[in-house]
Every structure is written in C-alpha cells, then in structure tokens.
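Structure, as structure tokens:
Convention: sequence-line order gives letters A, B, ...; per-chain numbering from 1.
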Amino acid sequence: MTIETTSRPEHFLHRIIREDLESGRVPGPIVTRFPPEPNGFLHIGHAKSICLNFGLAEDFSGRCNLRFDDTNPHKENLEFVESIQADVRWLGYDWEDRLYFASDYFEQLYVFAQELIRNGDAYICDLTAEEIREHRGTLTEPGRNSPYRERSVDENMDLFARMRAGEFPDGSKVLRAKIDMASPNMNMRDPALYRIRHGVIHHQTGEAWCIYPMYDYTHPISDALEGITHSICTLEFEDHRPLYDWVIQHVSVPCRPHQYEFSRLNLAYTVMSKRKLTTLVGENLVAGWDDPRMPTIAGLRRRGYTPESIREFCSRIGVTRSDNLVEMGMLEDCIRGDLNERAHRRMGVLRPLRIVLTNYPEDGEEWLSAANHPQKPELGERKIPFCREVYIEHEDFMETASKKFKRLVLGGEVRLRYGYVIRCDEIVRDAAGEISELRCTYDPDTLGADPEGRKVRGVIHWVSARHGVETEVNLYDRLFVEESPDALEDFRQGLNPDSLQVLEGCRLEPALADVPAGEAFQFERVGYFCRDSGSADAKRPAFNRIVTLRDSWAKISAQE
RNA sequence: UGGGGUGUCGCCAAGUGGUAAGGCACGGGAUUUUGAUUCCCGCAUUCCCAGGUUCGAAUCCUGGCACCCCAGCCA
C-alpha cells in the first residue's frame with residue numbers, strides 16, 4: 001500500500017470484538033462473513049462491509065467467509081455470483097476455501113423447520129398474501145391471529161412435507177413462525193419462514209426445490225452452522241435482531257451467533273441501492289454495471305480507481321451507527337493520494353492548439369528527457385520527441401490576460417515542460433475568426449537552463465504534432481446533479497446530463513501509445529487517466545479520466 | 001399516534017465526569033520546470049434545545065425537538 005496508513009481510533013465493533021476476546025465471552029478465533037445476495041453487482045457500500053468483515057478477521061487473526069445469500073432464485077443469477085467473487089478478490093480479500101451458499105443448507109434448514117413445527121413454534125398458513133397483510137395490523141394497531149394458527153402438529157408436519165413435494169401452487173400456503181401478532185415489532189408478528197415457488201431454476205440447486213426459506217429464517221441458521229461469532233449487518237436489520245435471536249433459540253443449532261449493526265454508506269451525488277443501480281443499467285441510463293460513472297466496484301475499477309484507494313476510503317470514513325452522507329471529495333482525495341505516489345507522469349493535450357516554431361528547422365527533431373516521476377528519480381525517465389510543430393492546451397493561451405495568468409499570451413514567454421522557452425509572436429485565425437494556430441519562436445539556450453535576464457513564470461504541457469498519438473478521452477463528472485437522488489420522487493430526474501463528455505482529437509505523447517488498459521498515468525497539469533478496458537480492441541485507445549488534479553487556478557480565475 | 005435507532009466544525013469522525021483528537025473541504029504563506037506534490041499556519045469558548053445534579057458535564061438525570069428505519073410470501 002502506497003498510502004501512509006495513519007492510525008485511526010478504534011471503532012465500536014472493533015472494541016466489542018476485542019472485549020469479547022479479552023473477557024473470554026468468545027473463546028476461539030472470531031469468524032465473520034460477507035453475505036451478499038447475488039442479485040446485482042457490488043458497490044462501494046458493499047466495499048465498506050467487505051473491508052469491515054475481512055478487516056476485523058485480519059485484525060484478530062480470525063476468519064471471514066464469503067456466503068451467498070441465495071434464497072430468492074427469482075432475482076438471482078450466476079453472472080452476479082461470479083462478478084461478486086471477482087470484485088471481492090480484486091479488493092484484495094481472500095476467503096480461501098470458505099465459499100458458501102445459503103442454498104448449501106436447504107436440507108438442514110428444512111429439518112430445522114420440522115423441529116419448529118414439532119415444537120409448536122411454526123404452522124402452515126393458508127391465508128393469501130393480501131389476507132396476511134390485513135391480519136398483520138399496522139404500526140399502531142396489533143395484528144390478528146391467523147385462523148390456521150392452531151393447526152395440530154401432525155397436520156402441519158403433513159402439510160409442510162406436501163409443500164416440499166410440490167402438491168400446492170405458489171402463494172397458496174406459507175410456513176409461519178408462531179410468535180406474537182400483537183408485538184410492537186412488526187417482524188415478530190408471525191413472520192413467513194418458507195414460501196412456495198414453482199418453475200424457477202435456482203442457479204445452485206436447479207429444480208430440486210419448490211419451497212424456499214426466507215432471509216430472516218435462513219440467515220441466523222447459516223451463521224450458526226458456519227460458527228459465525230459476530231454477524232455484522234446494516235442498521236435497517238436492527239428490528240430483525242429479536243427474530244434472529246428467536247430463531248437461534250428455537251432450533252437445535254450448534255452455537256449462538258450475535259448480530260451487530262452499523263450504518264450503511266451514503267455517497268453524495270450518487271445512488272447506492274441495488275434497486276436503483278439495476279434500474280440505471282436496465283433502462284440503459286448508463287452503459288452497464290461497470291460504467292465508469294457507476295459507484296460499483298466494477299465501475300470504479302474501470303474508471304481507474306485502485307483497490308488500495310478504496311480500502312483507504314473505507315478506513316477513513318469509519319464505522320458508526322449514525323446516518324451519514326460522505327462527500328465525493330473524500331473518495332477523490334484517496335485516489336489522488338495513491339496515484340500521486342505511484343502513477344508515472346506523461347503529457348497529453350486534451351484540446352489541442354497548434355504551435356509553429358518559426359525559427360526551428362523544418363525537418364528538425366530531437367528527443368528530450370523527461371522524468372517518469374519528478375519526486376522519484378528511481379522510477380526512471382523516458383524520451384519525448386520535439387519538433388517544429390507542437391500542440392499545447394487551448395486554455396493555456398490567452399491573447400491578453402491579467403498578470404495572474406502565467407501561461408502563454410501574445411508577445412509573452414512560457415516554458416514547454418521539459419523543453420524550451422517559447423515566445424508567441426502571432427495569432428493565426430480561421431475564417432470564423434477563431435484562433436487556429438500560433439506562430440512562435442523558441443529560445444535554443446533554454447533547454448534545462450533559465451533564460452538570460454528574464455523570468456519565465458509559466459510551464460505548460462505539450463505534445464509533438466508529428467509524433468503525437470491521436471485519441472479519444474472520456475471525461476466523467478458526477479452521475480447526479482442532486483446531492484441525494486434518493487430524496488427525489490423519481491431519482492432519475494436527478495441524473496446529470498453532462499456526466500460523460502467525450503473528447504476527440506486529443507494528442508498524447510508516444511509513450512502512451514501502447515499502455516495496458518487500467519494502468520494509471522498522470523497527465524501533467526491535467527489529471528490521472530488510464531486506458532479504458534472496454535476499448536482493448538478498438539483502433540485507437542480511449543482514455544478515461546480517473547480524477548482531475550487539484551486546480552487552484554480554477555479558483556483564482558473564477559474570482560475574476 | 002406503536003416499536004427500533006441517531007443527533008459533536010460545511011462533510012466524515014474521536015471523546016465514556018476533569019475542561020472539544022484526527023481526516024476531508026476551506027482560507028493564508030513557503031518551496032516548485034506540474035497553478036500538482038510537499039511543507040508550515042489558521043479553521044467548534046462549544047457538543048440538537050431547555051432545565052437539573054456536580055467544584056467541574058459533550059459525557060449523568062429530566063423534559064422537549066429533529067432526522068432515519070419497520071406494516072414483502074425481498075434481502
């Protein structure tokens with residue numbers, strides 16, 4: 001990790017585990033788990049959970065399992081179980097041989113359900129979904145008992161077996177826990193434990209089952225079977241904890257795991273719910289799960305974020321139980337910090353303006369030395385071609401400007417990075433009156449040396465017109481113009497129409513011609529970029545802007 | 001109007017009765033062949049509000065207020 005890991009205060013879950021270990025409440029090594037449902041790609045909110053669960057296991061020399069919570073075949077598929085594993089691995093975590101599926105436990109889950117029935121703790125209910133809702137009551141009124149609540153154990157056992165055997169149609173029956181229809185906690189009002197689902201092919205169990213267990217029933221038992229010591233989830237499950245404990249207490253499970261909750265991550269100007277991300281992908285509002293504008297792990301990876309920067313981010317935001325909305329600036333600082341250390345420097349001109357050096361030989365050419373990383377000479381250097389015509393950034397020239405502008409102006413001088421000092425003598429305009437070219441002269445005595453008797457304040461980047469590689473560059477901005485799209489009636493109304501800007505005709509120094517996709521470079525004075533992985537077989541490589549460099553000039557010029 | 005949570009700087013976030021850490025952002029300065037980096041300096045007399053206990057309260061007590069979650073045969 002190239003980012004300096006500053007010591008951070010201990011968060012509440014770390015403290016709980018440390019104390020459990022110190023007091024002996026938990027004797028052995030701790031066991032946590034990351035339990036995604038394979039119904040979508042992982043996003044940075046999941047990264048927080050992954051870093052937490054795997055990180056805690058690392059900190060205390062315990063283990064962390066990867067377990068797919070695949071109890072709802074209707075929404076899940078193999079593409080997602082594969083992408084999830086790839087993402088967790090990419091983040092740098094290893095579950096070794098502990099890859100589990102809740103569906104691995106279907107048979108055991110079934111036997112435990114029989115135990116509940118035998119003990120009078122569960123019953124088969126024939127009410128329809130709507131009738132169940134009506135019987136449930138409201139937040140302020142208690143519910144009413146189902147007319148099927150007092151069925152005999154024998155009848156329940158028989159009915160449950162026949163449910164499994166496929167004798168009843170979808171929705172006709174459900175297995176329910178017998179708890180308390182008057183509980184102020186809605187989750188305890190005889191929650192459904194099993195439902196009937198015919199005709200779906202489960203990605204792991206195929207057509208072996210037509211009844212599927214619910215999350216509230218499956219999760220605690222899966223935890224217990226795996227010997228999970230600390231079952232960590234997000235705050236919206238806090239109301240489910242009494243049910244989690246109820247299940248653990250009413251079934252002969254090998255151990256008693258405990259559930260702890262923390263608050264989920266919210267990032268400004270984006271959405272973090274799988275439902276909404278699925279909508280963006282499904283309605284082609286973005287180019288896919290790995291669109292570089294997406295807050296998904298796959299999107300961030302394609303954008304050029306490093307695993308280290310994401311882990312650093314998760315460490316910086318901390319773990320608490322309070323609602324939060326983290327600024328993008330926090331994430332951006334993490335990737336800048338990482339890339340500043342490791343990215344090699346290159347030059348690239350996004351909006352080219354042609355310069356002709358009138359006093360440079362027509363067919364002259366020289367190769368100048370440039371450091372790969374000015375602060376790290378050990379990273380070596382490369383050669384950059386220089387000739388009579390070069391491109392500079394259009395915004396680095398102004399016909400006239402205030403004294404604060406230290407780039408090129410008509411009649412003024414500026415240094416070409418790693419090259420000579422040039423002076424602008426003349427502006428050439430096209431038919432529309434737009435600046436199309438600059439006629440300049442270079443000072444041959446200024447290569448690696450300051451000019452005599454003058455001070456040149458500015459340094460700008462450039463690319464040889466004859467040698468530069470023409471390319472397309474994708475500039476990304478926030479996906480939403482709304483800080484909290486979730487607060488909108490329709491979150492799609494908050495989308496930023498300018499979140500992607502494609503620049504054509506950009507020029508890059510030759511050293512950038514054949515770089516592998518995903519490797520980050522700093523285009524000096526501009527930002528960090530990497531070749532897009534989606535363009536591997538494209539004729540010309542497209543580059544993605546990962547993040548801009550900090551730009552204090554933008555603040556100054558904005559004030560004028 | 002039931003139950004469960006949360007409220008410390010613009011944003012994260014330490015703090016657990018002894019007189020408000022840190023990071024991001026922001027402002028100022030130094031160095032710089034990246035207006036980048038790096039380096040200094042500044043940035044909560046105050047902890048949702050109001051009472052109370054105490055020599056002393058962000059921390060304890062009482063009463064308010066605000067916000068989040070819960071009425072799927074989703075997870």
Side-chain angles (χ1 to χ4, degrees), chain A residues 6-11 35-37 39 69-72 74-76 125 127-129 132-133 136-143 170-176 183-189 191-197 212 214-216 218-219 233-242 261 263 265 268 274-275 315-334 336-337 340-341 345 347 370-371 373-375 404-407 415-419 421 446 448 450 456-461 522-527 548-557:
Chain A
T6 46
S7 73
R8 301 212 157 81
E10 178 178 46
H11 61 69
E37 183 191 9
N39 66 344
D69 232 320
D70 57 348
T71 56
N72 185 4
H74 195 69
K75 299 178 172 174
E76 302 156 3
C125 182
L127 257 22
T128 63
I132 287 182
R133 191 182 332 121
R136 188 153 32 225
T138 68
L139 294 178
T140 52
E141 306 159 29
D170 285 12
S172 62
K173 284 181 169 49
V174 83
L175 177 70
R176 289 229 256 171
S183 172
N185 182 341
M186 294 298 242
N187 297 301
M188 301 300 268
R189 319 242 263 224
L193 266 23
Y194 268 90
R195 74 283 220 184
I196 302 172
R197 286 286 176 276
Y212 289 94
M214 302 287 288
Y215 166 87
D216 282 316
T218 308
H219 208 85
C233 62
T234 45
L235 239 26
E236 66 270 24
F237 290 100
E238 184 158 28
D239 288 345
H240 295 241
R241 195 168 64 216
E261 311 84 18
S263 54
L265 166 69
K274 250 194 276 193
R275 198 207 104 225
S315 166
R316 284 193 198 181
I317 58 176
V319 180
T320 68
R321 291 168 62 86
S322 32
D323 291 335
N324 60 80
L325 180 63
V326 178
E327 294 175 348
M328 275 291 179
M330 188 82 87
L331 219 205
E332 290 176 348
D333 187 65
C334 292
R336 282 197 190 103
N340 176 51
E341 292 292 319
R345 268 98 247 238
M347 290 201 286
H373 191 126
Q375 280 77 45
K404 285 189 177 172
F405 185 78
K406 47 190 222 192
R407 282 112 96 151
R415 175 178 292 283
L416 295 181
R417 177 80 161 151
Y418 295 120
V421 169
T446 55
D450 284 331
V456 174
R457 294 162 63 224
V459 179
I460 63 176
H461 59 279
Q522 183 194 98
F523 289 6
E524 293 204 58
R525 306 207 315 128
V526 183
T548 62
L549 246 33
R550 275 200 192 80
D551 187 0
S552 57
W553 167 247
K555 290 169 195 163
I556 297 167
S557 60

Closest to the A/Met186 side chain, choosing from B/C68, B/A71, B/A13: B/A71
Candidate nucleotides B/A75, B/C24, B/U34, ranked by approach to the side chain of A/Met214 - the nearest: B/A75
Mutual orientation of the aromatic rings belonging to A/His240 and A/Tyr215 [parallel < 30°, tilted 30-60°, perpendicular > 60°]: perpendicular
Pairing check on [N]: which nucleotide meets the Watson-Crick or G-U wobble criteria with it, both distances under 3.5 Å?
N     : answer
B/U32 : none
B/C67 : B/G5
B/C26 : B/G42

Counting the atoms with a prime plus P, OP1 and OP2 as sugar-phosphate, which does [X] contact under 4.0 Å by heavy atoms, base, sugar-phosphate, or nothing?
X        : result
A/Glu37  : sugar-phosphate
A/Gly329 : sugar-phosphate
A/Phe523 : nothing
A/His219 : nothing
A/Tyr212 : nothing
A/Pro374 : base
A/Arg241 : nothing
A/Tyr194 : nothing
A/Leu139 : base
A/Glu327 : base
A/Arg417 : base
A/Ala192 : sugar-phosphate
A/Gly458 : nothing
A/Ile132 : base

Determine the Euclidean distance between corresponding [atom1] atoms of [M] and [N]; express it in Å to zero decimal places.
N     : M     : atom1 : answer
B/C26 : B/A36 : P     : 12 Å
B/G56 : B/C43 : C1'   : 28 Å
B/C48 : B/U8  : C1'   : 10 Å
B/A44 : B/U53 : C1'   : 26 Å
B/U46 : B/A57 : C1'   : 12 Å
B/C55 : B/A50 : P     : 23 Å
B/U33 : B/G23 : P     : 28 Å
B/G22 : B/G15 : P     : 14 Å

5' precedence on RNA chain B between A/Ser172 and A/Ala554 (nearest-nucleotide basis): A/Ala554
5' precedence on RNA chain B between A/Gly419 and A/Asn187 (nearest-nucleotide basis): A/Gly419
Determine whether [X] and [Y] make a side-chain contact, defined as any pair of heavy atoms from C-beta on separated by less than 4.5 Å.
X        : Y        : result
A/Asn187 : A/Pro242 : no
A/Met347 : A/Phe523 : no
A/Pro191 : A/Asp216 : no
A/Ser172 : A/Ile196 : yes

Please check the phosphate of [N] (OP1 and OP2 only) for any side-chain N or O of [X] closer than 4.0 Å.
X        : N     : answer
A/Arg136 : B/C73 : yes
A/Lys555 : B/C26 : yes
A/Thr138 : B/A71 : no
A/Arg457 : B/U32 : no
A/Arg321 : B/U6  : yes
A/Arg189 : B/C70 : no
A/Ser322 : B/C68 : no
A/Ser552 : B/A36 : yes
A/Arg336 : B/U34 : no
A/Arg197 : B/C74 : yes

Looking at [N], does its base get a donor-acceptor pair with the side chain of [X] below 3.5 Å?
X        : N     : result
A/Glu141 : B/G2  : no
A/Arg345 : B/U34 : yes
A/Gln375 : B/A36 : yes
A/Gln522 : B/U34 : yes
A/Asp239 : B/G3  : yes
A/Arg133 : B/G72 : no
A/Arg415 : B/U33 : yes

Any donor-acceptor N/O pair, A/Arg345 side chain to A/Ala370 backbone, under 3.5 Å: no
ring centroid sep under 5.5 Å plus plane angle under 30, A/Trp553 with B/G35: yes
Syn or anti conformation of B/G72, syn meaning chi within 90° of 0: syn
Is the shortest side-chain N to carboxylate O distance from [X] to [Y] below 4.0 Å?
X        : Y        : value
A/Arg321 : A/Glu238 : yes
A/Lys274 : A/Glu37  : no
A/Asp333 : A/Arg550 : yes

Between B/A13 (C1') and A/Leu325 (CG): distance, integer Å: 15 Å
Donor + acceptor pair across side chains of A/Arg8, A/Ser315 (<3.5 Å): yes
